[in-house]
Peer 1: 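Okay, handing you the structure first.
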Amino acid sequence: MLTALVFAPTAVALLLFALPRRTAPTVFWAVWVTASAVELALVIAVWVGYEPGGGMQFEERARWIPGAGVGYHVGVDGLSLPLLALTCLLFLACAVHSLRENRRIREFAALFLFLQTTCLGLFVALDLILFFVFFDLSIVAMYFVIAGWGHRQAARAALKFFLYTFIGSLALLLGFIGLYLAASPHTFDIVELTEQNPLAGRSVYGALVLLAVVVGLAVKTPTVPFHTWLPPAHVEAPAAGSAILAGVLLKMGTYGFVRIAMPILPEAWRRYALVLVVIGVVSVLHGALVALAQTDFKRMVAYTSVNHMGYIVLALGAAAATADSSEQARSLAVTGAVTQMVSHGLLTGALFLLAGVLHERGRTYDMGAYSGLAAVAPAFAAMTGVAAFASLGLPGFSGFIAEFQIFTGSLGPQPLATALSVLGILLTAGLFLRALRQVFTGPLRLPDAPGTPRAFPDMRVHESVSVVPLLVLAVVLGVAPRFLLDVVEPASRSVLELLAR
Amino acid sequence: MTEMNENPLDLLPEVLLAASAVLGLLLGSWLPRARQWAVGLLAVLACVAGIVAAAVAAVEPATTAFGEAFAVDTVTGASRIVVLGGTLLVLGVSFGPLRGDPRESEFYVLVQLAALGALMMAGTQDLLLFAAAYLLASIPAYTLAGFRKDGPGTEAALKYYVVGALLGVLLLAGVTVLYAAGRATLYPMLGDALRDAPEPLIAVGAIGLLAGVLFKAGGVPAHFWVPDAVQGSSAPVAALLTTLPKIGALAALFRVGDAVFAGSPLPWPALIAVLAAASMTLGNLGAFFQQDVKRLLAYSTISQVGYLLMPVAVVDRSDLAQQALLYYLAAYTVTNLGAFAVVCALPQAHTLDDYRGLAKDRPLLAASLVVCLLGLVGTPPTAVFLGKLQAFAAVFDGGYAWLAVLAAVNTVASLFYYLRWIVPAVSRDASPGLAEEDRTARVVAYTATVVSVGLGLAGGPVLDALAGPMSP
């Protein structure tokens with residue numbers, strides 16, 4: 001089941017190349033959308049068949065490279081299932097959104113389908129090397145998306161993205177090898193490593209391995225100071241690429257924290273939790289402050305990602321605090337972190353797709369070039385408004401649920417850090433409101449570059465179809481989050497149990 | 001002294017190759033020019049038969065032939081298969097450009113002799129036989145480097161020859177000194193004797209030996225010939241020079257490290273580790289701003305020797321070293337030859353800019369290039385990734401964590417120059433350099449690419465097969 005879920009998109013991608021070159025672009029697009037829709041249906045089937053609190057399910061194992069301790073081992077639990085669902089939903093949204101993509105649609109669709117395989121594979125992988133394989137392949141696929149379909153300086157941004165995240169992945173690989181050698185018998189299997197807790201009582205070794213793993217994941221997340229690749233990559237990538245990059249790829253880092261770093265290296269994680277808390281707070285504040293200074297809409301959204309990822313790191317650090325805080329609070333922090341991953345994926349995905357709409361109409365992201373768009377494009381204004389308010393954490397949206405849990409859970413163990421991070425919400429509220437005011441209110445003004453159409457048409461059908469479900473789901477999660485929390489909570493409790501060893 | 005085992009069948013792959021070379025030479029002088037391809041076909045058959053024979057021999061328990069001078073064990077078996085497989089690919093890319101050449105049959109004969117030299121180096125357990133194998137591997141290669149008889153070719157051959165002759169003399173001197181120190185040339189006996197030999201003497205001998213081996217492998221500090229020889233010689237020869245001799249040399253160094261220097265007072269692992277570090281770093285630095293694709297691949301091969309030396313350094317410190325080295329050798333050979341096959345397939349394209357627009361014109365060839373180059377970086381799931389993983393794990397295990405970290409940093413650095421080639425290849429504008437193409441070389445490129453990815457995905461059984469013991 002999971003294997004089919006993971007590899008079906010790549011099979012479809014190969015199928016696209018089997019179609020004759022002259023096939024009409026809409027055929028490629030239709031195949032792509034159908035494949036993504038089937039994937040979403042599959043993941044919903046998995047969700048329906050999933051038993052909350054039942055630990056790892058749908059496991060599949062196969063011998064792969066036993067000589068090197070590597071096996072094919074996949075499965076889902078409450079941490080990975082929400083991210084799987086998010087991945088399928090976002091990829092479907094991107095497929096629908098790309099109807100007007102007329103530059104080599106076949107290659108574009110094939111790349112996205114392949115990218116979907118790598119993302120799904122990463123979230124189900126229960127073997128470190130399998131995890132790493134998908135981690136690296138996602139970088140390769142995203143590199144080609146940015147370099148091939150990006151804006152003017154795409155090649156440069158793509159190279160920067162590749163080099164940065166590849167350095168991170170190698171640090172990660174060194175950490176994985178460290179874990180492999182520490183385990184006896186040597187293995188890369190995450191479940192076995194979690195049971196073994198191989199680095200218990202070896203503080204220096206544990207610290208070094210944790211350092212390697214955390215650096216690798218922090219680059220991908222990204223947290224300060226490893227975030228500098230993010231803004232150019234986002235600004236230059238095509239809209240669908242940015243949505244996937246922010247919505248799914250960034251989660252790979254934070255997911256790695258809860259899946260690998262916390263359960264396998266509990267001692268080291270507890271010892272250095274304060275460092276993570278500090279990194280989290282700095283990311284929150286730095287991301288928000290720098291976002292506040294942006295005039296480019298997409299760049300601003302990119303920096304708010306740094307801010308939102310900071311909350312997750314803060315929560316995961318705070319969850320490792322010593323016994324004087326209640327079990328429940330810490331569990332709340334971890335659950336909040338996972339919820340935030342999902343929520344951020346939905347909202348940033350929507351925001352980047354909306355940024356794509358803006359760019360398609362006006363050929364620039366510069367907020368100063370627009371004004372009064374609400375008059376000509378009310379639907380666009382409304383959706384952007386909803387996404388922005390949800391993103392800044394207004395109650396009734398998923399972001400509020402996530403951040404509320406994170407703050408409630410972290411306040412006990414880390415009062416000062418949490419108090420500082422709450423300022424981040426204030427800053428993001430300020431910057432989103434300012435952006436909304438500038439772009440949507442006032443007298444109508446459109447960018448006047450040569451070649452831009454004067455009119456600003458409202459949302460087209462395919463654009464609405466791709467964005468609205470994301471926003472609806474964000475509202476549903478904000479109003480009735482139980483169906484998600486029921487899945488996440490048992491898993492986060494088990495992470496904490498593992499962490500407490 | 002044990003009873004002499006002189007069964008030539010133990011050396012069947014080597015015998016086949018030598019016989020086919022001699023027969024090819026004779027055939028070549030009788031065949032009309034239009035039918036000289038028959039010699040190439042004979043060479044292909046010899047390689048295929050050799051691979052089969054080596055695979056059959058590899059199933060048997062490890063043994064030695066001709067006294068203890070030649071080991072028939074896992075290291076030899078794997079090197080045989082890799083060298084012969086690599087030779088097949090080299091023959092494949094040479095077939096097109098040499099078709100109807102006045103010296104077609106000579107070329108095939110020389111390729112076989114060079115491969116034979118690499119095979120002998122990989123299997124030998126005796127310093128004298130090693131010196132002979134070194135010469136056998138070198139002299140045909142010198143000739144091949146200058147085979148085109150043009151300016152760059154002559155310069156390439158001359159440089160290669162002069163450096164090779166000098167370092168070959170050092171190798172012989174090293175062999176002599178080691179003989180003086182240990183009173184034996186056979187590795188196991190020498191290893192025992194060197195335990196209490198004077199250290200300076202061993203050091204001098206070891207350095208002489210290393211000079212020769214590193215020359216063949218193209219590793220720092222004996223790497224000066226690599227860029228010029230590779231750029232100057234024709235693309236098929238360049239493919240040969242950067243792969244086949246390396247396999248023999250590194251397998252030989254592995255054996256020497258295990259049997260001779262492991263117990264000696266010399267800090268052998270540290271020495272190899274430093275050489276590995278220097279090789280990967282300097283190779284990468286050299287490759288950064290190259291414009292010529294062959295030169296870029298030449299520097300890349302120097303850096304790859306660095307990674308290959310990592311498991312050699314920890315030969316007696318980690319159980320993973322042998323698997324890591326042999327697997328990496330196989331992975332590197334097929335991936336590097338794949339990249340060279342793409343170069344051979346486009347004889348008009350010399351610089352990185354000439355590859356502009358390859359993806360638009362020939363998407364499959366571009367895909368091969370991208371897979372092979374990312375493979376050389378070590379992107380999963382290609383074979384080199386698994387090889388690197390093993391090598392990293394081996395040096396970690398052997399206590400050289402710093403080397404693994406340095407190798408990781410170097411891997412990132414190498415990404416930069418491979419991307420300098422990939423970016424124009426997948427860009428949209430076209431270049432006139434892609435006009436002509438060589439069909440056979442294209443097929444070789446596809447084959448190598450598929451094997452490289454397949455070896456990476458199906459690495460499990462291969463790694464298991466490489467775990468066999470070394471000969472006693």
Side-chain angles (χ1 to χ4, degrees), chain A residues 17 21 62-72 103-104 106-107 118 121 128-140 143-144 147-149 154-156 158-159 162-182 186 188 205 208-209 212 216, chain B residues 318-320 323-324 327 359-360 363-364 367 370-371 374 377-382 385-399 401 404-416 418-420 422-424 426-428 456-467:
Chain A
F17 281 104
R21 196 185 275 266
R63 288 163 57 80
W64 184 23
I65 312 172
V70 181
Y72 178 83
R103 293 173 294 169
R104 293 167 295 153
R106 171 164 71 164
E107 286 79 4
T118 63
L128 291 177
I129 293 304
L130 199 61
F131 182 94
F132 182 80
V133 166
F134 288 122
F135 191 92
D136 248 18
L137 286 178
S138 75
I139 301 175
V140 173
Y143 169 80
F144 284 112
W149 285 267
R156 211 180 169 74
L159 185 67
F162 202 138
L163 288 177
Y164 259 84
T165 43
F166 202 77
I167 292 177
S169 82
L170 283 166
L172 196 60
L173 183 62
L174 290 179
F176 287 175
I177 293 175
L179 284 174
Y180 166 76
L181 292 172
H186 293 342
F188 281 109
Y205 193 163
L208 286 174
V209 170
Chain B
S318 167
D319 299 333
L320 301 166
Q323 277 170 306
Y327 188 85
K360 210 174 112 210
L364 274 178
V370 170
V371 171
L374 286 180
V377 177
T379 310
T382 57
F385 163 68
L386 194 54
K388 265 195 181 154
L389 179 68
Q390 290 281 301
F392 283 12
V395 288
F396 248 117
D397 200 24
V405 173
L406 186 71
V409 172
N410 265 300
T411 302
V412 176
S414 74
L415 185 66
F416 174 74
Y418 292 119
L419 279 180
R420 284 185 62 232
I422 292 176
V423 170
V426 298
S427 76
R428 271 151 276 180
L457 288 177
V462 180
L463 277 174
D464 287 344
L466 297 177

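Bear in mind the structure is a predicted one, so any value in this text is a computation, not a measurement.
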Peer 1: What is the minimum heavy-atom distance between B/Pro380 and A/Leu137, and which atoms define it?
Peer 2: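 It is O-CD2, 3.1 Å.
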
Peer 1: Taking the side chain as every heavy atom from C-beta outward, state whether B/Phe385 and A/Leu173 have any pair of such atoms under 4.5 Å apart.
Peer 2: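 When only atoms from C-beta onward are counted, A/Leu173 and B/Phe385 do touch, with a gap below 4.5 Å.
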
Peer 1: Checking B/Leu415 against A/Leu159 for the side-chain contact (heavy atoms from CB on, under 4.5 Å) test, could you report, in this order, the C-alpha distance in whole Å, the side-chain angles of both residues, the deciding distance, and whether it holds?
Peer 2: CA-CA 10 Å; B/Leu415 185 66; A/Leu159 185 67; over 6 Å; no

Peer 1: Report which part of A/Phe135 has an atom under 4.5 Å of a heavy atom belonging to chain B: side chain, backbone, both, or neither.
Peer 2: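 It is neither, since no heavy atom gets under 4.5 Å.
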
Peer 1: Between B/Gly460 and A/Pro66, what is the shortest heavy-atom contact and its length?
Peer 2: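 Taking every non-hydrogen atom into account, CA-CD, 3.9 Å.
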
Peer 1: Let me confirm one number: the CD-CD1 distance from B/Gln390 to A/Ile177, rounded to the nearest 0.5 Å.
Peer 2: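 With rounding to 0.5 Å, CD (B/Gln390) is 9.0 Å from CD1 (A/Ile177).
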
Peer 1: Is the number of heavy atoms from other residues, nucleotides or ligands under 6.0 Å of B/Asp464 CG greater than 12?
Peer 2: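 Above 12, so yes.
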
Peer 1: Could you measure the distance from the OG1 atom of B/Thr379 to the CZ atom of A/Phe162? Nearest 0.5 Å is fine.
Peer 2: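 One finds 5.5 Å between OG1 of B/Thr379 and CZ of A/Phe162.
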
Peer 1: Between CG of B/Leu320 and NE2 of A/His186, what distance do you get to the nearest 0.5 Å?
Peer 2: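 Answer for the CG-NE2 pair, B/Leu320 versus A/His186, is 6.0 Å.
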
Peer 1: Please round to the nearest 0.5 Å and tell me the distance separating atom CG of B/Leu374 and atom CG of A/Asp136.
Peer 2: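 Reported to 0.5 Å precision, the distance equals 9.5 Å.
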
Peer 1: Do A/Val70 and B/Leu463 come close enough that some side-chain heavy atom pair is under 4.5 Å?
Peer 2: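 The answer is no, as the side chains (C-beta and beyond) never meet within the 4.5 Å cut-off.
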
Peer 1: Is A/Phe132 close to B/Leu389 at the side-chain level, that is, under 4.5 Å between some pair of heavy atoms?
Peer 2: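 SC-SC contact between B/Leu389 and A/Phe132 ruled out.
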
Peer 1: Does A/Trp64 use its side chain to pair, donor to acceptor, with the backbone of B/Gly459 at less than 3.5 Å?
Peer 2: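 No, the answer is negative, given that no donor and acceptor are paired below the 3.5 Å cut-off.
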
Peer 1: Name the region of A/Val140, side chain, backbone, both or neither, that has any atom closer than 4.5 Å to a heavy atom of chain B.
Peer 2: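 Only the side chain of A/Val140 comes within 4.5 Å of chain B.
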
Peer 1: Measuring heavy-atom distances to chain B, does A/Tyr164 have an atom under 4.5 Å in its side chain, in its backbone, in both, or in neither?
Peer 2: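 When you check distances to chain B, no heavy atom of A/Tyr164 falls under 4.5 Å.
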
Peer 1: For a quick test of reading the model, state the closest non-hydrogen atom pair linking A/Val133 to B/Pro381 and the distance between them.
Peer 2: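 Shortest heavy-atom contact: CG1-CB, 4.5 Å.
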
Peer 1: So for A/Phe17, is it side chain, backbone, both, or neither that comes closer than 4.5 Å to the heavy atoms of chain B?
Peer 2: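 Nothing of A/Phe17, per the 4.5 Å heavy-atom cut-off to chain B.
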
Peer 1: Checking heavy atoms, do the side chain of A/Ala68, its backbone, both or neither come under 4.5 Å from chain B?
Peer 2: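 For A/Ala68, the contact with chain B is made by backbone and side chain together.
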
Peer 1: Counting only non-hydrogen atoms closer than 4.5 Å, does B/Ala467 touch chain A with its backbone (N, CA, C, O), its side chain (CB onward), both, or neither?
Peer 2: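 Contact with chain A involves no heavy atom of B/Ala467 at all.
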
Peer 1: Is chain B contacted by the side chain of A/Leu208, its backbone, both, or neither, given a heavy-atom distance below 4.5 Å?
Peer 2: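 Contact with chain B: none, neither part.
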
Peer 1: Heavy-atom pairs under 4.5 Å with chain B - which of A/Glu107, A/Arg104, A/Arg63 has more of them than the others?
Peer 2: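 Greatest number of close heavy-atom pairs with chain B: A/Arg104.
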
Peer 1: Can you name the closest pair of heavy atoms from B/Ala408 and A/Leu174 and give their distance?
Peer 2: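 Nearest heavy atoms, B/Ala408 then A/Leu174: CB-CD1, 3.8 Å.
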
Peer 1: Please classify the contact between B/Tyr327 and chain A as side chain, backbone, both or neither, with a heavy-atom cut-off of under 4.5 Å.
Peer 2: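 No part of B/Tyr327 comes within 4.5 Å of chain A.
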
Peer 1: May I ask you to test the B/Val370-A/Phe144 pair for a side-chain heavy-atom distance under 4.5 Å?
Peer 2: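 Answer yes - side chains close enough.
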
Peer 1: Between A/Ile167 and chain B, with a heavy-atom cut-off of 4.5 Å, which part of the residue counts as in contact: side chain, backbone, both or neither?
Peer 2: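 Both backbone and side chain.
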
Peer 1: Which answer fits A/Tyr180, side chain, backbone, both or neither, if we ask what part of it has an atom under 4.5 Å from a heavy atom of chain B?
Peer 2: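 Only the side chain of A/Tyr180 comes within 4.5 Å of chain B.
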
Peer 1: Does any backbone or side-chain atom of B/Ile422 lie under 4.5 Å from a heavy atom of chain A? Answer side chain, backbone, both or neither.
Peer 2: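 Side chain only.
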
Peer 1: Can you tell which part of A/Leu163 gets under 4.5 Å to a heavy atom of chain B, answering side chain, backbone, both or neither?
Peer 2: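 For A/Leu163, backbone and side chain are both near chain B.
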
